[in-house]
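Structure, as structure tokens:
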Amino acid sequence: MCGRYDLNESPQILALYFRLFAEPPTFRNADVRPTNTAPIIRLHEGQRLALPARWGLIPSWSKDDKIAQHTFNARAETVAEKPSFRAAFKRRRCIVPVSAFFEWRAIPGEKKKQKLRFASPEQHPLALAGLWEHWQRLETGECVETYTIITTTANDFMAPIHDRMPVILGQGDWDAWLDQATGNPLLLQSMLAPCPDDWLECVPA
DNA sequence: CCAGACGTTGTT
DNA sequence: GTCTGG
DNA sequence: CCAGACGTTGTT
DNA sequence: GTCTGG
């Protein structure tokens, strides 16, 4: 599961860490939520760029945007087959850059849940595996680009809090994940595993 | 053939 | 767009 | 994802 | 319970 995150990096850090072709505009949002617009990293005319998109994937064939309420995550186990995701899985993979993501823990006797922040112990950004899609609203012709974050089973670090977690890609996987020419479904699928336990630390938000 | 769905999470 | 159910 | 709303009428 | 807004 991954329904809330934080992106708070300078354009310089984003460009350096993700090896972007150009520095993106400044973007800071400590509480990115589904339906919000945030930058995603993908190839555009062969160049790796951070471009804005809306969180909640709308398939190109969708008649309206209601489905986006339920497509902000895609399950790694089924993403290759589901009608809403399979086209994007083949040709429109992206990295969702985050400084951290949030999960909640219910406290007995408390009304509100406790918010927990998961980030890199080395304080570098995290590369979440995502898909993006292009959609046109029939009534207006308005073009909308949207994305989803792929989830997988929790690793041991995450398991006490939740049974799902976002897929976090290691640097060695970035090129193949973003490349449209990567056609081997098994290779792609192999990247969608829970990350090692020591890639994350957790503090109350 | 047409009509209708197409999704995830957490919680009970 | 494409698959499933009727 | 969580938090918060969820309704109508008439009168000022 | 379920939808909407953020």
Side-chain angles (χ1 to χ4, degrees), chain A residues 1-8 27-40 52-94 96-119 126 128-139 141 143-155 157-168 180 183 185 189 192-194 200 202-205:
Chain A
M1 176 204 53
C2 185
R4 206 74 80 83
Y5 67 85
D6 168 14
L7 179 57
N8 220 341
F27 179 94
R28 290 180 196 280
N29 186 344
D31 198 29
V32 182
R33 305 158 180 219
T35 72
N36 286 6
T37 296
I40 59 171
R54 194 191 298 176
W55 191 8
L57 186 144
I58 307 173
S60 59
W61 42 260
S62 207
K63 290 187 195 72
D64 57 52
D65 58 4
K66 284 180 193 153
I67 195 171
Q69 293 288 326
H70 312 281
T71 52
F72 55 87
N73 287 158
R75 293 176 66 87
E77 297 89 331
T78 54
V79 71
E81 289 89 38
K82 291 285 184 183
S84 292
F85 300 130
R86 58 192 171 194
F89 183 68
K90 278 187 191 154
R91 298 190 50 82
R92 283 177 295 278
R93 295 175 298 273
C94 67
V96 181
V98 309
S99 302
F101 61 92
F102 299 106
E103 303 287 356
W104 282 260
R105 181 164 52 180
I107 311 280
E110 301 275 331
K111 261 188 182 173
K112 287 189 180 181
K113 297 177 176 182
Q114 182 186 26
K115 192 179 183 185
L116 301 173
R117 186 175 194 269
F118 291 82
L126 299 172
L128 306 190
L131 307 174
W132 68 277
E133 194 53 88
H134 193 81
W135 177 73
Q136 203 167 1
R137 193 183 297 278
L138 283 172
E139 300 87 330
C143 291
V144 184
E145 286 182 351
T146 62
Y147 67 98
T148 189
I149 292 171
I150 301 177
T151 64
T152 186
T153 52
N155 62 19
F157 184 78
M158 203 71 189
I161 310 298
H162 279 300
D163 60 350
R164 307 288 299 172
M165 68 185 296
V167 172
I168 304 172
Q180 295 190 341
Q189 202 75 48
L192 303 183
L200 290 174
C202 170
V203 296

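Keep in mind that this is a model prediction, so the values were computed, not measured.
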Strand DNA chain B as a dot-bracket string - pairs counted if Watson-Crick or G-U with both distances under 3.5 Å, | where the partner lies in another strand: ||||||......
C1'-based separation of D/dC2 from B/dG10 [nearest Å]: 11 Å
Heavy-atom donor-acceptor pair, A/Thr148 side chain to A/Leu57 backbone, under 3.5 Å: no
A/His162 vs B/dG10: side-chain N/O to OP1/OP2 distance below 4.0 Å: yes
Donor-acceptor contact below 3.5 Å, side chain A/Thr146 vs main chain A/Ile58: yes
A/Leu57 CG to B/dT8 P, straight-line distance once rounded to whole Å: 11 Å
Any A/Glu133 side-chain heavy atom under 4.5 Å of A/Ser60 side chain: yes
Nearest-angstrom distance from the residue atom CZ of A/Arg105 to P of B/dT11: 13 Å
Between C1' of D/dC1 and OH of A/Tyr147, the distance in whole Å: 12 Å
If you restrict it to nitrogen or oxygen atoms, what contacts under 3.5 Å exist between nucleotides 4-6 of chain B and the protein, and what is each distance?
residue	atom	partner	partner atom	Å
B/dC6	O3'	A/Ser84	OG	3.2

Close side-chain approach of A/Thr35 and A/Gln69, heavy atoms under 4.5 Å: yes
Spacing of A/Lys113 atom NZ relative to D/dC1 atom P, expressed in whole Å: 8 Å
Rounded distance in Å between the P positions of D/dC1 and B/dT8: 12 Å
Beyond-backbone contact of A/Val96 with A/Tyr5, side-chain heavy atoms, under 4.5 angstrom: yes
Pairwise C1' distance for E/dG5 and B/dC6, with rounding to whole Å: 25 Å
Parallel, tilted or perpendicular, as decided by the 30° and 60° cut-offs, for the rings of A/Phe118 and A/Phe101: parallel
Gap between atoms CD and P, on A/Gln114 and D/dC1 respectively (whole Å): 18 Å
Donor-acceptor under 3.5 Å (A/Thr71 side chain, A/Ile67 main chain): yes
A/Asn73 side-chain N/O to A/Cys2 backbone N/O, donor-acceptor pair under 3.5 Å: yes
Between D/dG7 and E/dT4 - C1' atom distance, rounded Å: 16 Å
Check: A/Ser84 and A/Trp61 side chains under 4.5 Å, non-hydrogen atoms: yes
Provide a list of protein-nucleic acid N or O atom pairs under 3.5 angstrom, restricted to nucleotides 1-6 of chain E.
residue	atom	partner	partner atom	Å
E/dG6	O6	A/Pro34	O	3.4
E/dG6	N2	A/Arg4	NH2	3.0
E/dG6	N3	A/Arg33	NH1	2.9

Between P of D/dA3 and CH2 of A/Trp104, the distance in whole Å: 8 Å
Interatomic distance where CZ belongs to A/Phe101 and P belongs to B/dT9 [whole Å]: 13 Å
Sugar-phosphate, base or nothing in reach of A/Phe85, heavy atoms under 4.0 Å: sugar-phosphate
For atom CG of A/Asn29 and atom P of D/dC1, their distance in whole Å: 18 Å
